[in-house]
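Letters A, B, ... are given to chains in the order of the sequence lines, protein chains preceding strands, and every chain is numbered from 1.
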Amino acid sequence: MELLNVYQNNYLIVFVFLCLGILLPVVALFAAKLLRPPYKAIESKYTTYESGMEPFHDARVQFNVRYYVFALMFVIFDVETVFLYPWAVAYEKLGIFALIEMLIFVVMLLIGLIYAWKKKVLKWI
Amino acid sequence: MNSIYLSLLVLSPLLGIVLLAFMPKTGEKGIKLVGVLATLPATVLALLAYFSYQGGKDLADYGEKVRWMQFGSFGQLDPNLFTVYYELGLDGFSLLMVVLTAVLASLAALASFHIKREWKGYFMLFLLLEIGMLGVFTAQNLILFFLFFEITLIPMFFLIGKWGYFNKEKAAYSFLVYNGLGSAVLLIVIMVLFAKTGTSNIEALKVFLNTEGAQLPTPVSDSVKMGLLIALLIAFGVKLPIFPLHSWMLRVHVEAPPSIVMLHSGVLLKIGAYGLIRFGMGIFPEQFAELAVLIAVLGVVNLLYGAFLAFIQTDFKMVLAYSSISHMGIVLIGLGANNEAGIQGAIFQVVSHGLISALLFFLVSVLYERVHTTNINNLGGLAKGMPLTAGFLLAGAMASLGLPGMSGFVSEFMAFLGLFREMPILAAVGCIGIIMTAVYLLRAVLAITYGRSDRQYAGISDLRSFEWAPVLVLIGLIVLIGVYPAVLSQPLESIVLGLGG
Amino acid sequence: MVQDLLHSSPGLANFGIFFLLATVLLLVILGFVTYGILAERKVLGFMQGRYGPNHLGGRWGLLQTVSDVLKLLLKEDIIPKAADRPLFIIAPVIAFAPSFMVMATIPLTDNLQFADLGIGLLYYVAISGMSVVGFLLGGWASNNKFSLLGGMRAASQMISYEIPLVMSVLGIILLTGSLNLNEIVAAQEGVWFILLQPVAFVVFFIAAVAELNRVPFDLAEAENELVAGFHTEYSGFRWAMFMLAEYVYMFAMASLITVVFLGGWLPLPFLGFIPGAVWFALKFSLVVYILIWFRATFPRIRADKLIEFAWKVLLPVALANIFLTALIKELLELF
Amino acid sequence: MDLETLLSFEWSLMTPEFIVLIVATLLTLLDLFLPKKFNRNHLGWIGLAGILLALVSVFGLIGRDPGSILYDTFRLDSFAKAFKILLLAGSALVFLLAIDYEPKEGRGEYRGEFFYLFLTALLGAMIMSSSGDLITLFVGLELLSISSYILAGLRKTNVKTNESAMKYVINGSISTAILLFGMSYVYGITGTTNLKAMAGMLSTVSDPQHLYLLGLAFFMIFVGLSFKIAAAPFHMWAPDVYEGSPTPVTAFLSVVSKTAGFIIVIRIMLSIFAAVPTGDEGFPMLFALQDYIGFLAGATMIIGNVVALRQRNIKRLFAYSSIAHAGYILVAFTAMSYVMFDSIWFYLLAYLFMGMGAFAVIQLITAKEGSEDISHFAGLYQRSPVLAVTMAIFLLSLAGIPGTAGFIGKLNIFLGALMVNPSHYVLASIMIATTVVSYVYYFGIMTQMFFRPAAGLARAEAAATVQGEVPAARRRLPTGTTAVIIICAAATILFGILPQLAFDFLQSNFNQFIDFMQ
Amino acid sequence: MSSVPITAFLALALILFCIGLYGALTKRNTIIVLISIELMLNAVNINLVTFSKYGMTPAITGQVFAVFVIAVAAAEVAVGIAILLALYRNRRTVNIDEINTMKH
């Protein structure tokens, strides 16, 4: 029971932090709203900034595919760490077998990386 | 016991196929020659078997049996359980059918000289068809039977679809679908029997299913047996064909090349009758007896339906097609009688109609070759231009309508004899059909031979060299059976006694 | 007292107390941010031979940042017409909240810590990864080409560097066998991990700088290319939230480096009489100083080199480091 | 786990997997580091050599007693061995096809990927065939699936390919999720993921609530798995993917992937649900739910065969035909007779040869004609009779005409369905009726090949043949494809006429798969 | 041990799963479909972890399974997005209704 309490309290703290993290901007923005003098900005202030030129086109154009490819790479490699973390934590208990297994696993990962490298995915335009 | 005689007989056309495969496409003469020659070994072997049987040889000597495949791992329990053998054998009935098939195949091969194109493919398929037909009649177990049965299906499809007349593809498809469904039903029957008893051997099945308390993997109840018999009736009814299942057969008769129709109506339709007698009657005698009335009724319906519709046809091939339906009715009548005379009559009819329709279709082939039509209205006055052809046509028609002294008479007589003994009223009704047969056949044949002549037959040759052979052989056999029925009845004795009620 | 609290069953009372304590921490952090910015400006000034802020609040300019914040509070609040309003408003919050949340688990001294999570390190990594969504959203919601490009750059940069960052600490985890930050500090009783894992430290540090979007990796807001990157359209206090997030991250990251590599609150040998909090503060200040120093020293890296560097250099090095660590550990056990 | 335990495992049990893995890795690296000019087809030959080597090693393992390593997550029993042979043989044939594959838009830069993705997919399938644990089973399944997704979408510039791959991924992922959800319940009830331990736990389940949950799990798992074997209700992806994928991939999906699908169906269903007692007599759950499997089997057969009737695209047609074949095999699975393993194995073997052969011919024709419409088969008999006849053999076998392996396969399934008591008359009837329906479209292709005159380009070619010129069709028949056609045609006929060869092999080496659950 | 009954977790998982399934089957946008699929997979994870903690025989395997599911799901989605990108470049749409050049 004790342990569970500690456990739950810890996450309660995390929740508190989350609340605060959200509250601060809200409170601050609210405060700013109260504090700042009333104003009516001129219309042109609401236009999009384009170094002083008249804005043209919508900004949400198609991106270079590189961005997405990096996202994909990230997803893959980040998920691989899902395996690496438990492995590292439990390494003491697992011994050499885990090392070899992980070695194979990481070699595969590396091959993936080399693949991406060779296919010029890692090249920034 | 293990002779390879029958294997040689059945597979001898294979030699021709292999030879043909290596021949150039364009050598018409060579191909036709090889095609005809390849059918001869089977004929010779079949006749040899027939005569040595007449000479007192035991048919069991021809049997052969090799382990072919075994399903599941029941080998430890019983080596025969769920084992399918490659087993061929002969009895009187199948001997007759084999002889009929072999002879007709040779003659049809001769008739195939009329084929105009792609002889190589034609003859290869033709020979394959022959293998299938021979195999069907020699197979000693149901699965092997089915295998050969289906083997006939494929070449027929192509032969109709490629070398047929105008509506050939439609005819081929309708052949395929009807017969496919028929064989599907047959397969269900076969597999149910096989699965329940663990064997597919016909003799073994007869024993297993008709012995009280036989040891079976799964019991077979009487209602299941009845269901199986009805399924068999449908399966073979398509092939025979029985009245509501016949429409494909008309198309095939009209669209297929006449040489193929010779085989089709001469042999393939008979597989239906053969199957009904061997399996329906053989394996399920009690149930068959229960259904006898139904079968007899169907027979009469077939007989009348075919006869009446044949009467109004203008295409001679259509007339013949409906007459085939009508004649198959007689087979059913004989079976429905379910007594010695009836069954004998049915078998006689099978053989005799095989010969007669082959003759008629050969003559159609000859005719079409010359005048490119089979319409009765366009053919009048044949006797003047082609007296011999006309004469034989008339003879064929006489045989078909059951003129005494020809084979048709014997079979019809016996079949009706059988039926009169069991169901006289039905038989009386059936007799109308006999009269109708005479009417429509004479109407058609007379219209062709002596009718109004609006066509110049000048310059058209009558029967030519190779065309004599089929005509003479067929007429000879027809007369022989008509005069001396013992050629048929002697091999049949044992069978009919075993079967009949 | 905190220990008792932790062991009592959770409830509203606990929530209230935690809330108060966390608010205190928040204020401390805000204080740090205020003076961190000032320090940055002063140090930069010093390194560039300038004075830095020196008018407001005495000759050290102690009130400079405070006045800046006040000014921001009073500024008009502009949301561009073309912007996606809800996303535009929510983006700074999403960017800021994680930066504060990560502070929950960092042990400042042996008994000054909020949440003692078993998976502390993972918690940090996981939560800090969420900020990028805020940056990206902000860039996208602005509907401004500069912003969008800045947001995309920020995203691709941060996710690229997150991989080596995560991989490099694996070496530490291998050595301690725990993700708990307290235990990691405890494991450094003898030798700090910076000495045992120098490679990991270098990789981690570089990746950390990139994660913080600081020079030389501040391409997301490279002013001479993208005006102000993803927050070009932001002004007033909304903009301040982004800046705040950045500096709170700096605080958090410096703390994390201190904890993971520099032994946290542990003293140097023979200097144990000085309290842990002081040690922590010292090390922490050093890290912050180095970060500022970097800013003054390094030129901004080229965009194409930036990402390639993460994938082609840092990641393989980090992976190699993991295995070297594991191997050496195995060998040590063998003999 | 220390070094001793590590070394105490019989790693040799995994030889085939290791070979495939190593070759796949090798191919990847070679593909990356070899110069651009290097002909990537050589990689295909290396891959083929690897597969054959693995095949040999499987044959080498046949005599070995069943064993398991890695705490029973990997097991090599008769079932695994028998089906690995199928997988490897199928993949070898696919490789021969792939080496010759020459799409219209160019093979582009993804030539090498083609080969090693096949290998990884194969590896996944092999792992599935010998996994004794839900986790490995799942990982194997996904290795296969994900590799297949990529393979299906490899022609990146082709809209149809993109589209079909997208559908494949979405359908596949949904079915995976459903499958997993079912698995999670089974795990929850047993508390283990080991199949054998699960069976042990489940045999004592009596709580009706648990049974209810298991029933739910059964449906979810079965629905999820039906995707892999392209059975109803998850068959919709098949036509699109078959049409959109490169032909070798289509062949792979239709043959190897389907085999793998049945492997996992049998593994999971038989391991888990055959152990659950239901009702008072402890009637196994799998048997209690037979009707539902039967229903799906029937639906699959009907949908596959009926919809195939109206297809004009040859690959779509074969997709539906392959759906239908999945239905036939499901009949064997439904019946659960003594000959179930035999009949499924034999049917898959037959399907391997006939399907692969048909796809080889399709690849030749479509590559030459640049279109997949059935009408491009017109006049094939004139152009190249041998090709037409071999295709006819495959079609006949697919249609189940006697004399071919397909017939024996159907016979076997049939026997199984009718052998059990009570017999599955309805299912058997549906099967046979749909078989007859299938005649129509199989013979439709034959009609094109034999009856119809060649059109357009093909006619010119045929004319050239008549004039004695060497037609383009025959100028260079690619080696690999030719080999596939010859092997498949020979095997189709051989197993049709002498099926005992295969039966003997099964009966003498695998001992009725008795060690499946031991 | 826990104040929250196991059924609550299972119900949560089931609800998530159903939402995911609904989304996957009805949504037009492919990205949303992919996200819905993720939702379903996460429902599975909740189930697995719940059973692994509060099941009848608590064991770590469930969590291991969940880890594998996470990894595989990521790979699946990565492939999905890659294919979607290729499709988008050719067709300029991510709308499922428009992905329909192949019919019958």
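- Here the closest non-hydrogen pair linking V169(C) and Y85(A) is CG2-OH, 3.1 Å.
- Atom CZ of residue F100(C) and atom CG of residue L18(A) lie 10.5 Å apart, to the nearest 0.5 angstrom.
- The greatest number of non-hydrogen atom pairs below 4.5 Å with chain C, out of A90(A), G21(A), A116(A), is found for G21(A).
- Between chain C and the residues L35(A), L103(A), L110(A), the largest count of heavy-atom pairs under 4.5 Å involves L103(A).
- Only the side chain of L113(A) has a heavy atom closer than 4.5 Å to any heavy atom of chain C.
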- Message: One pair to check against side chain to side chain contact (heavy atoms under 4.5 Å, CB included): I322(C) and W87(A). What are the steps and the verdict?
- Response: CA-CA 11 Å; I322(C) 298 168; W87(A) 168 76; 3.6 Å; yes
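- Between L25(C) and F17(A), the closest side-chain pair of non-hydrogen atoms falls below 4.5 Å.
- Heavy atoms closer than 4.5 Å to chain A are found in the side chain of L244(C), but not in its backbone.
- L84(A) touches chain C through backbone and side chain together, each having a heavy atom under 4.5 Å away.
- Around CZ of F15(A), the count of heavy atoms belonging to other residues, nucleotides or ligands within 6.0 Å does not exceed 12.
- Using a 4.5 Å cut-off between heavy atoms, I173(C) touches chain A through backbone and side chain atoms alike.
- Ranked by heavy-atom pairs under 4.5 Å with chain C, the first of A28(A), A31(A), P25(A), A32(A) is P25(A).
- Atom OG1 of T81(A) is separated from atom CG of L170(C) by 7.5 Å, given to the nearest 0.5 angstrom.
- Residue contact with chain A, scored on non-hydrogen atoms closer than 4.5 Å, involves the side chain of L315(C) exclusively.
- Put simply, CG on L20(A) and CZ on F96(C) are 8.5 Å apart, with the number rounded to the nearest 0.5 Å.
- In summary, the aromatic rings of F77(A) and W311(C) are positioned with their centroids under 6.0 Å apart.
- In Y11(A), the OH atom is crowded: over 12 heavy atoms of neighbouring residues, nucleotides or ligands sit closer than 6.0 Å.
- In this structure, chain A has heavy atoms under 4.5 Å from both the backbone and the side chain of I159(C).
- Using a 4.5 Å cut-off between heavy atoms, M101(C) touches chain A through backbone and side chain atoms alike.
- A donor-acceptor pair is defined here as one N or O able to donate and one able to accept, closer than 3.5 Å; such a pair exists between the side chain of Y91(A) and the backbone of A326(C).
- Rounded to the nearest 0.5 angstrom, E80(A) CD and L319(C) CG are separated by 10.5 Å.
- Ranked by heavy-atom pairs under 4.5 Å with chain C, the first of V106(A), D78(A), V26(A) is V106(A).
- Heavy atoms of L23(A) lying under 4.5 Å from chain C belong exclusively to its side chain.
- When heavy atoms are compared at a cutoff of 4.5 Å, M103(C) approaches chain A by way of both its backbone and its side chain.
- Of all non-hydrogen atoms in I13(A) and A104(C), the two that sit nearest each other are CG2-CB, 4.5 Å.
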- Message: Under the criterion side chain to side chain contact (heavy atoms under 4.5 Å, CB included), I'd like the reasoning laid out for L24(A) against M241(C): C-alpha separation, chi angles, the key distance, then a yes or no.
- Response: CA-CA 9 Å; L24(A) 177 73; M241(C) 272 358 275; 4.1 Å; yes
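- For a residue to count as touching a neighbouring chain, one of its non-hydrogen atoms must lie under 4.5 Å from one of that chain's; by this rule I119(C) touches chain A with the side chain only.
- For the atom pair K312(C) NZ and W117(A) CH2, the distance stands at 6.0 Å (nearest 0.5 Å).
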- Can Y123(C) and V14(A) be said to form a side chain to side chain contact (heavy atoms under 4.5 Å, CB included), step by step? CA-CA 10 Å; Y123(C) 170 82; V14(A) 171; 3.4 Å; yes
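- Heavy atoms of T23(C) lying under 4.5 Å from chain A belong to its backbone as well as its side chain.
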